[in-house]
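Below, chain A is the first sequence line, B the second, and so on; all start at residue 1. These numbers come from a predicted model, not from an experiment.
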There are 4 protein chains.
Amino acid sequence: MTNKEPKLTKKQIAILEAATDLFAEKGYAGTSTSEIANKAEVAEGTIFKHFKSKKGLLLAIVSPMMVKLVAPMIKNDLNKVLDQEYEYIQDFIRAMIENRKEYIQNNLPMLKILVQEIPFHPELKEQFIEYIGKDIFDRLKEIIKYYQDKGQLVDMKAEVIMRTVATSILSYIVARYVFLPEANWDEEEVETERIIQILESGVIQKK
Amino acid sequence: MTNKEPKLTKKQIAILEAATDLFAEKGYAGTSTSEIANKAEVAEGTIFKHFKSKKGLLLAIVSPMMVKLVAPMIKNDLNKVLDQEYEYIQDFIRAMIENRKEYIQNNLPMLKILVQEIPFHPELKEQFIEYIGKDIFDRLKEIIKYYQDKGQLVDMKAEVIMRTVATSILSYIVARYVFLPEANWDEEEVETERIIQILESGVIQKK
Amino acid sequence: MTNKEPKLTKKQIAILEAATDLFAEKGYAGTSTSEIANKAEVAEGTIFKHFKSKKGLLLAIVSPMMVKLVAPMIKNDLNKVLDQEYEYIQDFIRAMIENRKEYIQNNLPMLKILVQEIPFHPELKEQFIEYIGKDIFDRLKEIIKYYQDKGQLVDMKAEVIMRTVATSILSYIVARYVFLPEANWDEEEVETERIIQILESGVIQKK
Amino acid sequence: MTNKEPKLTKKQIAILEAATDLFAEKGYAGTSTSEIANKAEVAEGTIFKHFKSKKGLLLAIVSPMMVKLVAPMIKNDLNKVLDQEYEYIQDFIRAMIENRKEYIQNNLPMLKILVQEIPFHPELKEQFIEYIGKDIFDRLKEIIKYYQDKGQLVDMKAEVIMRTVATSILSYIVARYVFLPEANWDEEEVETERIIQILESGVIQKK
DNA sequence: GATGAATGAGCTTTCATTCAT
DNA sequence: TATGAATGAAAGCTCATTCAT
């Protein structure tokens, strides 16, 4: 069994970490390669030796994340649904959140970069669409259809449901880590259940 | 009746429009003042005569938007609620959306800039907090409490409800205009009702 | 009897005063015309209406000073010496200092500008040489010769004597006003006599 | 034996020399960094890599000079006086002039810059005061007192004597190199003795 | 005469990238 | 592989000067 990830030297890791922090903090365009070299304690030239260009560095940060977040969907999630491992959509959503929670929490700066830079970099958008669009989108549609057929999801367009679920999750992360990192927050443990509860019944009591 | 807005010359408007488009398209840090001058068909010096610095230009674009979106909340919305103009929270939300819809649709690039640049500019964040934080936050809490007492809102923390409602609206706008402007979209007219419906009952059918 | 000085409007005076202060404080090249306009409370255009260019403004400040300091030498000083009004060179020097003292003290910034800017502006140097060189230099030589013949001045080259006397005076002014304006200084009244005394006997007691 | 001076690369030296010439000729504010880069035959960026800013370049030129001129005073001059190496003040002055003559003649542009720019740069003034003020001033006072007690100096305030001696020397240099570099000058060798002679007996024969 | 908006050349400085060591 | 000196294009910004009002 071979290791698919290319071996990264200490310097490469230092560069990636420094760049991740700085891109997240000041944005890609607002960060200079000399700052990165400084923070990573390497020479400026070293960055270009390893990543060819500044944009190459950005892609080296962001691409693996897309893979990590999206790949298990193809490999596992759909199959588990079809195997009836998740009888209720709640279980499916809960599993999706829980499976990614740790990785996301450990890699929030990367996610921040991804979200912030996608609008400005066609390459990123293409990658994103390639990863999400090609397979995932269709698979998620299947899953949604599956639960709609079981009567567990309202009869709305798959896109709307997907967006609602996605932003329910993302809005928490964005609010939590991007906009108001210093605000006072509840215990994070109950957050998953709250998201599910809101997806179940909204926030408005029916008239 | 005097005009409270400072009179803007043709060149100033041209600069603001060019900058708005470019900042929205390429980001603040990714746009150069010479590009702006070029697009606005003015000399580069003119930009600095009027707006002092590149950041001054950003603030001149974004600040008025915050005022426009937030001011009516203080002046009108709360009072109308207290005057029982909106018996149901649905009516209140619908009114808030409808009142801002046109302005937002006409000023989407500004909103895009605001959302994208807030994380990178402490001044912007401060302004945002100043406008939102001081008054609005408390007023919205009152409104939420009002409808909770009437049994129309679930008994969650006001912050959670606020965030859910806000992102339900924003997520539509962001998805619609920022991330996937070229995607195929439904008639926008039904969107308001869909948002309200989701806030009412979520997307999951109760078990 | 006509007034030879061109009538200056209020604005012109304001500009000259502002420019004098700023040139003295920050140097000619270090001062911008907009700063001058600001301080003088006139529009930038007004400066150029009256003085044609920034350099024209400099000349308008400095030229009259040269005339004021140098003209009386030609008109009065030499004649008075020839008329034997000053029997002793001490009296001549004392008179020269006293005659110019007030004007210099009232116009120190101008003098500072003159001294500081002469090396950088050929026009200034030319003017200076024209005023000093053509007539004054020869006349001062005559005066020096006159007192040397009377045995009141050492038998050194006129240039050396001139320089010694000039710098004895100037060094006091420069030290006093340019380099150490905030230092603690004696009563200025005795300064003239001290300069004369040093010119008489140096500071070293003969072996 | 180690070299205490930081090693300067060829380019750094080229930049310093070009800047020294240009600052001396046209003043600090009147010289552009692109002119300097041009004359030094380096890229403009190189200047800023090495000296951080234009002002940094000025300080890199001027600071070492202050040290070079002033340091030997603390280390040598006072001790030599106390060791009675100079019986007469004339010997002391002569030694001071001779010790610095070569360095000054080789670095006249630097001196010109120092004298011209001190009034406009607080940092320079502070450095100057720090170097001169702290130790030198007191030591010179001691020396003056020493020779006054021996009856070799007139009984004037130390400041006046210091200023007289200093300007006697400086006035020669300034007149010689700054104001009238193209004038015809005597052999420089006798100049030292002339300065001493003037300090001994002034230029005026006692009545 | 007086204004100040407008200019565009030129300023200091930063930047991503290269390359000899 | 790693360096960091060097680059020069381009950045943000300032400037003296002009001109329509």
Side-chain angles (χ1 to χ4, degrees), chain A residues 9-12 14-15 28-38 40-57, chain B residues 9-12 14-15 28-38 40-57, chain C residues 9-12 14-15 28-38 40-57, chain D residues 9-12 14-15 28-38 40-57:
Chain A
T9 67
K10 270 186 188 172
K11 303 237 167 194
Q12 283 172 315
I15 292 167
Y28 171 80
T31 303
S32 74
T33 50
S34 85
E35 281 176 290
I36 296 167
N38 225 21
E41 290 181 309
V42 299
E44 275 201 76
T46 310
I47 294 175
F48 291 87
K49 268 269 144 65
H50 288 302
F51 302 98
K52 255 199 98 135
S53 70
K54 196 187 172 188
K55 183 143 279 171
L57 183 52
Chain B
T9 67
K10 269 185 189 175
K11 303 241 168 194
Q12 281 172 317
I15 292 167
Y28 171 81
T31 304
S32 76
T33 51
S34 84
E35 282 176 289
I36 297 167
N38 228 19
E41 290 182 308
V42 298
E44 221 174 326
T46 309
I47 294 175
F48 292 89
K49 264 271 148 75
H50 288 304
F51 301 98
K52 269 203 82 117
S53 69
K54 196 186 171 189
K55 181 141 285 166
L57 182 52
Chain C
T9 67
K10 267 187 190 174
K11 303 237 168 196
Q12 283 171 316
I15 291 167
Y28 171 81
T31 303
S32 75
T33 50
S34 85
E35 280 175 291
I36 297 167
N38 225 20
E41 292 180 309
V42 298
E44 274 201 76
T46 310
I47 293 175
F48 291 87
K49 268 270 144 66
H50 287 302
F51 300 98
K52 254 198 98 127
S53 70
K54 195 185 171 190
K55 183 143 279 171
L57 183 52
Chain D
T9 68
K10 270 186 188 174
K11 303 242 168 191
Q12 282 172 317
I15 292 167
Y28 171 82
T31 303
S32 78
T33 50
S34 84
E35 282 176 290
I36 296 168
N38 228 18
E41 290 181 308
V42 297
E44 226 175 322
T46 309
I47 294 175
F48 291 88
K49 265 270 149 77
H50 287 304
F51 301 99
K52 270 202 81 116
S53 69
K54 195 186 173 191
K55 182 143 281 169
L57 183 52

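- For F:dG12, the OP1/OP2 oxygens have no side-chain nitrogen or oxygen of B:Lys55 closer than 4.0 Å.
- When the nearest nucleotides of DNA chain F are assigned to D:Ala43 and B:Ser34 by heavy-atom distance, the more 5′-ward of the two goes with D:Ala43.
- Atom P of nucleotide F:dA11 and atom CD of D:Glu44 are separated by 15 Å, given to the nearest angstrom.
- Atom CD1 of D:Ile36 and atom P of E:dT13 are 10 Å apart (whole Å).
- D:Thr46 comes within 4.0 angstrom of a nucleotide base, judged by non-hydrogen atoms across all strands.
- Atom P of nucleotide F:dT21 and atom NZ of B:Lys11 are separated by 13 Å, given to the nearest angstrom.
- With rounding to whole Å, B:Lys10 atom NZ is found 11 Å from E:dA6 atom P.
- Counting any heavy atom pair closer than 4.0 Å across all strands shown, C:Lys54 reaches sugar-phosphate atoms only and no base atom.
- By the 6.0 Å contact criterion, CD on C:Glu35 is enclosed, its count of non-hydrogen atoms from other residues, nucleotides or ligands being greater than 12.
- The phosphate of F:dA10 has neither OP1 nor OP2 within less than 4.0 Å of any side-chain N or O from B:Ser32.
- Residue A:His50 is the one, among A:His50 and D:Val42, whose nearest nucleotide of DNA chain F lies closer to the 5' end (criterion: closest heavy atom).
- Put simply, CZ on C:Phe48 is 13 Å from C1' on E:dG4, counting in whole angstrom units.
- Between the NZ atom of D:Lys49 and the P atom of F:dA9 there is a distance of 16 Å, given to the nearest Å.
- The residue among A:Gly45 and D:Gly45 whose nearest nucleotide of DNA chain E is located toward the 5' end is D:Gly45.
- Of all heavy-atom pairs spanning B:Thr31 and B:Lys54, the tightest one is O-NZ, 2.8 Å.
- Contact record, D:Ala37 with D:Ala43: CB-C, 4.1 Å, taken as the closest heavy-atom pair.
- C:Thr9 comes within contact range of no nucleotide atom at all, as no heavy-atom separation falls under 4.0 Å.
- Base-pair partner of F:dA20: E:dT3 (Watson-Crick or G-U wobble, both distances under 3.5 Å).
- Using a 4.0 Å heavy-atom distance criterion, C:Thr33 is classed as a base contact.
- Atom CG in C:Asn38 sits about 14 Å away from atom P in F:dT14, given to the nearest Å.
- If you measure from atom CD of B:Glu35 to atom P of F:dC13, you get 15 Å, rounded to the nearest angstrom.
- Side chains of C:Ile36 and C:Leu57 form a contact here, defined as non-hydrogen atoms less than 4.5 Å apart.
- E:dT14 is paired with F:dA9 under the criterion used here, namely a Watson-Crick or G-U wobble arrangement in which both key atom distances are under 3.5 Å.
- More than 12 heavy atoms of other shown residues, nucleotides or ligands fall within 6.0 angstrom of atom NZ in A:Lys55.
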